[in-house]
Amino acid sequence: MATAPVPALRILGIPIHDVTYEETLGWIGRWVAEGGPHQIATVNPEFVMAARRDEAFRAVLEQAHLCLPDGVGITLAARYLGRPLRQRVAGVDLVEAIAARAAREGWRLFLLGAAPGVADRAAGVLRARYRGVTIAGTYAGSPRPEEREGIVRRVRDAGTDVLLVAYGAPAQDLWIARNLARTGAAVGIGVGGAFDYLAGVVPRAPAWIRRIGFEWLYRLVRQPWRWRRQLVLPQFALLVLLRRG
Ligand code: UDP
């Protein structure tokens, strides 16, 4: 894949691009028109900590066209490091923004991943909210290597422009880096739990909690099994604090 369209700032060595929703949609539109594989990652502090330890994941983020600042930890860290970002670009909100733009532009979306039936329900929600959006296909599948060829064929046969992959990080991002070119899709985005939110499987934090930057705490309370993953967050904060100066 080619290089990123805008220079990255780095948080603990991991690239982050200072782009807005609007600019992201602009890039997606350009890439759909041009064709060829383009990867977008939605980077939160858990990604940063994982990529510092996982060489393959780090390499994928390095070659991604856009590493979007997802999660309040990223925006706080950037501000603290003297490189404030203009916007936080969250995966699930981006999916809705893409669906809205896709309805206008005719981009064909494919929803890959999540538990069986969830992508289908998420597609139903998007079709209802964004009249005229083309969902070219949905499929749960799995990131296991033996499923790779079948999934690539499905996505290609659907004539996909934008492939949304919900296998969680880093599996979704590794999958996109490895397979996107053969799917024929112009853009591949790892979207984490976005289909679960859209389908209503997992409740989204109320807007006021999101606004004050405590969605991570809400997620921890609603999905307590996340505590292990969130253990890296204090470490992330400490490393950022120590990095200054
Ligand atoms: N998932 C999946 N197959 C797998 C592992 C995960 O479809 O082998 C899905 C899972 O059902 C969920 C999403 O990947 O919809 C990951 O959600 P999570 O909220 O963990 O994402 P993150 O926090 O990484 O953004």
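Every number for a ligand or one of its atoms is a count from 1 in the order of the listing. All values below were derived from every heavy atom in this structure, side-chain atoms included, with hydrogens, water molecules and symmetry-related copies excluded. The first residue in the sequence is number 1, and the count goes up from there.
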Visitor: Can you pull the residues with any heavy atom under 4.0 Å from ligand 1?
Guide: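 Residues Gly113, Ala114, Ala115, Pro143, Ala166, Tyr167, Gly168, Ala169, Gly192, Gly193, Asp196, Arg219, Arg226, Arg229 each place a heavy atom under 4.0 Å from ligand 1, listed by chain and number.
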Visitor: Could you tell me whether Phe110 and Tyr139 have their ring centroids closer than 6.0 angstrom?
Guide: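 Phe110 vs Tyr139: aromatic centres not under 6.0 Å.
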Visitor: Test Ile98 against Ile189 for side chain to side chain contact (heavy atoms under 4.5 Å, CB included), laying out the working first.
Guide: CA-CA 11 Å; Ile98 288 172; Ile189 313 176; 3.4 Å; yes
Visitor: Give me each pair satisfying ring pair (Phe, Tyr, Trp, His ring centres under 6.0 Å) with a member in residues 204-225, each pair once, sequence neighbours excluded.
Guide: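 Every pair satisfying ring pair (Phe, Tyr, Trp, His ring centres under 6.0 Å) with a residue in residues 204-225: Phe214-Trp216.
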Visitor: Could you go step by step and tell me if Asp70 and Arg88 meet the side chain to side chain contact (heavy atoms under 4.5 Å, CB included) rule?
Guide: CA-CA 6 Å; Asp70 191 353; Arg88 175 190 164 200; 3.3 Å; yes
Visitor: Can you tell me how far apart CG (Leu111) and CZ (Phe195) are? Round to the nearest 0.5 Å.
Guide: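 One finds 3.5 Å between CG of Leu111 and CZ of Phe195.
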Visitor: Is it true that Trp31 and His65 have ring centroids separated by less than 6.0 Å?
Guide: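 Close enough - the centres of the two rings lie under 6.0 Å apart.
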